[in-house]
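Worth knowing before you read on, the calculation uses all heavy atoms, side chains too, and leaves out hydrogens, waters and symmetry mates.
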Amino acid sequence: MDYSLDLYTYRVSCMELEKQYSPSQWSHRMAADDVIKAHVAALKSGTEKARAAAQTLLDIPYGDGEGEKLDVYVPDSPSPDVPLVIYLHGGYWQFLSKEESGFMAVPLVQKGVVVVAVGYSIAPKGNMDLMVAQVRRSVVAVIQQYSHISGLYLCGHSAGAHLAAMVLSTDWSEYSVTPQIRGAFLVSGIYDLLPILSTYVNEPLKMTEEVALRNSPSRLVPQLKASSSGCEVVVAVAQNDSPEFRKQSQDYFKSLEASGLKVTLEDVPNTDHFNIIEQLVDEDYHLTQLLLKMMGRS
């Protein structure tokens with residue numbers, strides 16, 4: 001048996017997996033490093049606009065941990081029965097923060113929607129179990145604080161889409177309340193964590209196979225059905241996401257659909273992993289319009 005050939009095949013497959021899970025390698029707009037810099041700049045700029053356009057409550061604690069804070073963007077004249085969207089940021093569980101996560105409030109507060117950007121303890125300070133526990137607690141804290149809202153909605157991008165799917169898959173019997181989440185936008189997410197275990201993504205996360213399995217939404221669809229059967233789920237993926245990212249969204253969509261859940265797959269043309277979410281700063285953008293329609297605010 002030629003072990004050198006096996007080792008070569010293994011190395012090639014590892015390199016290919018690294019590339020598949022490197023979203024910046026797949027953008028058609030600019031070079032990999034440039035697309036990440038542009039992404040951070042776009043999110044920061046949008047968040048600055050949101051903070052100028054909305055009333056804000058910043059750094060509200062939802063727990064005792066250093067990273068357990070959220071920012072609230074409130075319309076100038078909120079009605080007593082406002083819809084509320086919780087946004088969970090991306091960054092591969094190790095990058096970005098709530099500080100550049102208020103951008104989607106720009107069009108939404110004008111339509112009378114409250115937006116909450118959640119911070120969580122990214123790696124290496126936080127691990128996967130902690131981050132999942134934090135975002136679940138943040139949702140509980142929000143509905144305890146804003147019990148008068150007309151509807152609760154989730155939106156997450158990339159790692160944040162994974163975390164949003166984990167929120168939908170929560171056994172709420174362990175908590176003091178059961179959130180009634182009406183809708184969720186899962187944008188360019190990862191729903192099966194096993195493929196990233198051997199990639200650079202896992203270096204700061206240090207996930208074992210056991211941790212990856214219990215935090216993979218693709219394996220928790222029965223729990224999602226039990227907890228969030230009334231939730232309307234939109235699984236969105238970019239035309240220029242990598243084939244593996246696209247497969248993650250397509251497979252998760254099929255699993256939810258096969259379980260009889262209310263789910264649609266949005267394959268967004270002329271987008272990559274980054275501008276698919278950046279454009280939520282624009283009221284006329286396809287996903288913004290879908291979100292507003294879901295909330296009855298279009």
- Query: Taking Q55 for the side chain and D76 for the main chain, is one N or O donor matched with an acceptor at less than 3.5 Å?
  - Reply: yes
- Verify the ring-centre separation between F103 and Y87: is it less than 6.0 angstrom? yes
- Hey, what do you get for SG (C231) to NZ (K262), rounding to the nearest 0.5 Å? 8.0 Å
- Query: Do L261 and V233 touch side chain to side chain, with heavy atoms closer than 4.5 Å?
  - Reply: no
- Query: Can you name the nearest heavy-atom pair linking F245 to V237, along with the distance?
  - Reply: O-CG2, 4.3 Å
- Message: Donor-acceptor pair, distance only, cut-off 3.5 Å: does the side chain of K49 make one with the backbone of V106?
- Response: no
- Of the non-hydrogen atoms in A38 and M30, which two are nearest, and what is the gap between them? CB-SD, 3.8 Å
- Query: Is I60 reachable from L154 through a run of I, L, V, M, F, W or Y residues, each pair having side-chain heavy atoms under 4.5 Å apart?
  - Reply: yes
- Message: Please report the interatomic distance CG(L290) to CD(E232), rounded to the nearest 0.5 Å.
- Response: 9.0 Å
- Ignoring hydrogens and geometry, is there a side-chain-to-backbone donor-acceptor pair from S45 to A41 under 3.5 Å? no
- Item | Path from I190 to L96 over hydrophobic side-chain contacts below 4.5 Å | no
- Message: A side-chain contact here means heavy atoms from C-beta on lying under 4.5 Å apart; do I122 and H89 qualify?
- Response: yes
- Step-by-step side-chain contact (heavy atoms from CB on, under 4.5 Å) determination, D71 to R51: CA-CA 10 Å; D71 295 340; R51 290 184 176 183; 2.9 Å; yes
- Taking all non-hydrogen atoms of both residues into account, name the closest pair between M104 and V115 and its distance. CG-CG1, 4.1 Å
- Given the rule in the side-chain contact (heavy atoms from CB on, under 4.5 Å) test, do Y153 and V113 qualify, once you have shown the distances and angles that lead to the verdict? CA-CA 10 Å; Y153 301 84; V113 178; over 6 Å; no
- Task: Evaluate the criterion side-chain hydrogen bond (donor to acceptor under 3.5 Å, both in side chains) for residue pair Q20 and E16; output intermediate values, then yes/no.
- Result: CA-CA 6 Å; Q20 288 287 333; E16 180 56 30; 2.8 Å; yes
- Query: Can you check whether A161's main-chain N or O pairs, donor with acceptor, with Y191's side chain at less than 3.5 Å?
  - Reply: no
- In terms of hydrophobic clusters joined by side-chain contacts under 4.5 Å, are W172 and L224 together? yes
- Can you tell me if N127 uses its side chain to pair, donor with acceptor, with the backbone of L130 under 3.5 Å? yes
- Would you check if the side chain of S101 reaches a backbone N or O of S97 as a donor-acceptor pair within less than 3.5 Å? yes
- Taken to the nearest 0.5 Å, the spacing of Y252 OH from S216 OG works out to 10.5 Å
- Take E244 and Y21 through the side-chain hydrogen bond (donor to acceptor under 3.5 Å, both in side chains) test and state the conclusion after the steps. CA-CA 7 Å; E244 195 64 26; Y21 285 100; 3.3 Å; yes
- Query: Does D59 pair with K98 as a salt bridge, N-O distance under 4.0 Å?
  - Reply: yes
- Message: So, taking the atom named CG in L168 and the one named CG in L186, what distance separates them when rounded to the nearest 0.5 Å?
- Response: 6.0 Å
- Item | Donor-acceptor contact below 3.5 Å, side chain S24 vs main chain D33 | no
- Item | L291 CG to C155 SG distance, which is reported to the nearest 0.5 Å | 6.5 Å
- Query: Do V116 and L43 share a hydrophobic cluster, counting only Ile, Leu, Val, Met, Phe, Trp and Tyr and linking them when any side-chain heavy atoms are less than 4.5 Å apart?
  - Reply: no
- Message: Does I277 form a side-chain contact (heavy atoms from CB on, under 4.5 Å) with S188? I'd like the steps, not just the answer.
- Response: CA-CA 9 Å; I277 197 75; S188 288; over 6 Å; no
- Side chains of L152 and I143 in contact at under 4.5 Å (non-hydrogen atoms): yes
- Message: With a 3.5 Å distance limit and no angle check, can you tell me whether D272 reaches the backbone of N275 through a side-chain donor-acceptor pair?
- Response: yes
- Query: Is there a side-chain contact between M166 and M131 (heavy atoms, below 4.5 Å)?
  - Reply: no
- Message: Any heavy-atom pair between the side chains of V221 and L256 that's under 4.5 Å?
- Response: yes
- Contact list for residues 117-146, test salt bridge (charged side-chain N to carboxylate O under 4.0 Å, His left out), sequence neighbours left out: E66-K125, E68-R137, D129-R214
- Connected via hydrophobic side-chain network under 4.5 Å: L220 and L163: yes
- Message: With a 4.5 Å cut-off on side-chain heavy atoms, are Y73 and L108 touching?
- Response: no
- Item | Donor-acceptor contact below 3.5 Å, side chain Q94 vs main chain V201 | yes
- Message: Would you say that R219 contacts L194 through its side chain, given a criterion of any heavy-atom pair below 4.5 Å between the two side chains?
- Response: yes
- Write down the atom of Y62, the atom of G119, and the distance for their closest heavy-atom approach. OH-O, 2.7 Å
- Task: Measure across V139 and P179 and return the closest heavy-atom pair with its distance rounded to 0.1 Å.
- Result: CG1-CG, 3.9 Å
- Message: Is the ring pair H162/W93 parallel, tilted or perpendicular, if the boundaries are 30 and 60 degrees?
- Response: perpendicular
- Is the shortest side-chain N to carboxylate O distance from E99 to K69 below 4.0 Å? no
- Point-to-point distance, once rounded to the nearest 0.5 Å, from CZ of R29 to OG1 of T271: 9.0 Å
- Task: List the steps, then state whether side-chain contact (heavy atoms from CB on, under 4.5 Å) holds for Y285 with L280.
- Result: CA-CA 6 Å; Y285 176 48; L280 277 171; 4.2 Å; yes
- Assign the ring pair H273 / H157 to parallel, tilted or perpendicular, where the plane angle (0 to 90°) is split at 30° and 60°. tilted
- Query: Does T288 reach the main-chain N or O of D282 with its side chain, forming a donor-acceptor pair under 3.5 Å?
  - Reply: yes
- Query: So do the side chains of L17 and S198 get within less than 4.5 Å of each other, counting heavy atoms only?
  - Reply: yes
- Give the minimum heavy-atom separation between G91 and A159, together with the two atoms involved. N-CB, 4.4 Å
